[in-house]
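I have placed the structure first, in the form of structure tokens, so that the comments after it can refer back to it.
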Amino acid sequence: MADGKQKENPYLAHLRPAQKDGVDPSSKEPLYGWIPRHVKGDAVRKAMNGEVNPFTKQPHSKQYKTILESRKKLPVFAQMDDFLKIFSDNQIIVMVGETGSGKTTQIPQFVAFSDLPHAKGKLVACTQPRRVAAMSVAKRVADEMDVQLGRQVGYSIRFEDMTEPGTTFLKYMTDGMLLREAMNDPNLERYSTIILDEAHERTLATDILMGLLKGVAKKRKDLKIIVMSATLDAVKFQKYFSIRSGVSAPLFKVPGRTHPVEVFYTQEPEPDYVEAAIRTVLMIHRAEDPGDVLLFLTGEEEIEDACRKIKLEADDLVNQDPESVGPLICIPLYSSLPPQQQQRIFDSAPGPRVPNGPPGRKIVVSTNVAETSLTIDGIVYVVDPGFSKQKVYNPRIRVESLLVSPISKASAQQRAGRAGRTRPGKCFRLYTEKDFMKELEEQTHPEILRSNLSNTVLELMKLGIKDLVSFDYVDAPAPETLMRALELLNYLAALDDEGNITPLGQMMADFPLDPQLAKMLIVSPEFKCSNEILTITAMLSVPNVWLRPNNQRREADAAKAKLSVPDGDHLTMVNVYNQYVTNKHDKNWTWTNYLSQRALQQAENVRAQLQRNMERFELELLSLSDEKKLFMNIRKALVSGFFMQIAHKEGDKGNYLTVKDNQVVALHPSCGLDSQPEWVLFNEFVLTTRPYIRTVSEVKSDWLIELAANYFDLTSFPDGETKQALKRAWAKRAGKDPSRGDGADRKSKKPKH
DNA sequence: GAGCACTGC
């Protein structure tokens, strides 16, 4: 801050007459005379090797030199000249850099040296799909550039903006964060260069950003774009980002630095992949050289189960043959595991059990977290059964579900690569080579093809993209998916009948929420319960707060029963949250009540953020003192957001039929309702052993026709119990005074339609 | 009478 030279503009420095004291200005001004985007490698290396930090004008620290030496060994460093040339010559570049190339840390620095964003008051952004990556890479790069994190180099993620306006010129951020910024600044004017890292992961946010940036690049010739990806996708991105038809975007390629991994296949398909996986792990333990093992399975239960079995069998082996079989530890890994237990993957393998006996081995049994988010050093063997849980979306019944599905070739390659990070490794694929070649898809389907897009469509609308169908997607979603999203947004009155975004829709897009939740929150002051709805919204935006340890299920269920409100799970959420806040002084409270401290803390964060959003729109936080009225209004507010997620009881076997989609469902066993009401509102449809609805509250038919008259229009219903029940509700309403209800409800009575 | 692939705003 105290740096008076901060205001000096190196961009213009070369235009000034030589300094009076006669000293060569370049010794004090390492960037003297540099012309942005026409910088050569020699100059950059000279500046990097100099005594003075060109960006802070402070002498370099001792550790700077040490770090610089290690940077010089990265494959990407050797190609600095080529990179700077291609960067100077092109607006859009596709870059391929395999694991260990150093692209994520080095390329943004090269760009900073060439682009000199600080001279123009602009920033270089580098997006990451994950928060931790944005944070840790920013920290590393700040060290490499010898600056304090949050000054010249910073990061920006939800809940944490570690940047200093006016000072920060290199910013790592999550892709979702950049997309949020785009909604208020569709041309992303603050940035001179935008780097999309890990583009091959094809997150929803990255996909939308690619489409958006392609358009912005045409309008803003001064904006440079770099798309960094894994090899297999490069050609697709090059074609997509061709500025003139037929001319692909240039490719910049950097080799990786990993060790070879030998891949083995099974001769025949394995009928039971879990059993085969366990067998393979034990085979490795008995027969292979020392080195840790990573086994990929699909979910928590499968993983815990496999760990138990591996441990049992390994103990048997050791007991039978202690001379030749070493000890083994088996560590489960999945994201819902508390961080402390996740740390166990970094424990080292056990030593030999007897002096000079065989060394021990560490087995990590993991979900896909170990494929992208977490790297475990020391893995030499990978066991890949070829499956993972993947999200699939069925637009016909508007349901997202998780399905165990075969992985893609790209994913299999990524998994195999995990064996070669420290030394040459082996990967055992539990499927045949023929299946690998013929059956596996090249790439995992991008998220945009597997998701409910109501949120995305609203975001695009807010970005000013009206014609969703002809938007330039890298991969266009199914028209039916877009139709479903438009339909929902129209029912919620976020879009008018012409498909234009309404003022309500604009407001909804500003909330980091699904449209239903945003709508419910925005209208909640009309129901005088915005305080409680804010809490519910926050609780619905974080992972499940209820813990249910395997060996204490009864105790956990009893604790939950004590906190439950019979009118519905949503009211229970309010109760739990309020109790959590009241009992904050008591460190053991969450523990003794079998609640997740982490999730509740997260809910508190989200609630605070949403409250700030509400304040911006002057939405008041209201509550009613009459509990009965409050409980009713909360559920009415729920209906105004979730009227498309209603189920009607059919018969007396506890079956429900979802409205319009006509799915036979049951209340989820975790549901806290003390009866089976005729009408229920649900937040989630889950398909497990059978179709369930989860997070459920009782609602009344009068509220449905009051608050969502269009949706519950009788003519749109087939004959059946649901229609009969609605008919009665309509008749009752017609018989009543038509001046309809109290003032609070009137505004949201009709979806503006 | 069940489960929670993984992210992100």
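Note that these values count all heavy atoms, side chains included, but never hydrogens, waters or copies made by symmetry. Chain naming here is simple, since letters A, B, ... match the order of the sequence lines and numbering starts at 1 in each.
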With respect to the side chain of [X], which nucleotide from [options] is positioned closest?
X: A/Thr367; options: B/dC9, B/dC6, B/dA2; answer: B/dC6
X: A/Val369; options: B/dT7, B/dA2, B/dC9; answer: B/dT7
X: A/Glu300; options: B/dC4, B/dC9, B/dA2; answer: B/dC4
X: A/Arg130; options: B/dA2, B/dG8, B/dA5; answer: B/dG8
X: A/Pro669; options: B/dA5, B/dG1, B/dG8; answer: B/dG1

Spacing between [X] atom [atom1] and [N] atom [atom2], to the nearest angstrom:
X: A/Glu447; N: B/dA5; atom1: CD; atom2: P; answer: 16 Å
X: A/Gln342; N: B/dC4; atom1: CD; atom2: C1'; answer: 13 Å
X: A/Glu201; N: B/dA5; atom1: CD; atom2: P; answer: 19 Å
X: A/Leu540; N: B/dC9; atom1: CG; atom2: C1'; answer: 16 Å
X: A/His445; N: B/dC6; atom1: NE2; atom2: P; answer: 21 Å
X: A/Lys389; N: B/dC4; atom1: NZ; atom2: P; answer: 7 Å
X: A/Glu301; N: B/dA2; atom1: CD; atom2: C1'; answer: 9 Å

* Asked: Looking at B/dA2, does its base get a donor-acceptor pair with the side chain of A/Arg548 below 3.5 Å?
  ->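 Per atom types, the contact qualifies.
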* Could you tell me whether the side chain of A/Glu459 reaches within less than 4.5 Å of the side chain of A/Lys462, counting heavy atoms only? =>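 Result no, sub-4.5 Å side-chain heavy-atom pair not found.
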* How is A/Tyr334 classified with respect to the nucleic acid when contacts are heavy atoms under 4.0 Å: base, sugar-phosphate, or nothing? ->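 A/Tyr334: backbone/sugar contact only, no base atoms under 4.0 Å.
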* To do: Name the nucleic acid region contacted by A/Gln390, choosing base, sugar-phosphate or nothing; use a 4.0 angstrom heavy-atom cut-off, strictly under.
  =>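 Result for A/Gln390 = nothing.
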* To do: Please figure out whether A/Arg131 or A/Ser336 has its closest DNA chain B nucleotide nearer the 5' end.
  =>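 That would be A/Ser336.
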* Flag, side chain of A/Glu302 to backbone of A/Thr298, donor-acceptor distance under 3.5 Å ->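 A pair under 3.5 Å: yes.
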* A/Glu650 side chain to A/Asn655 side chain, donor-acceptor N/O pair below 3.5 angstrom ->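 There is no such pair (donor and acceptor under 3.5 Å, judged by atom type) between the side chains of A/Glu650 and A/Asn655.
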* Are A/Arg398 and A/Asp661 ion-paired here, with the side-chain N under 4.0 Å from a carboxylate O? ->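 Here A/Arg398 pairs with A/Asp661 in a salt bridge, since their nearest N and O are under 4.0 Å apart.
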* Could you check whether the rings of A/Tyr473 and A/Phe471 sit parallel, tilted or perpendicular, using 30° and 60° as the cut-offs? =>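 Correct class here is perpendicular.
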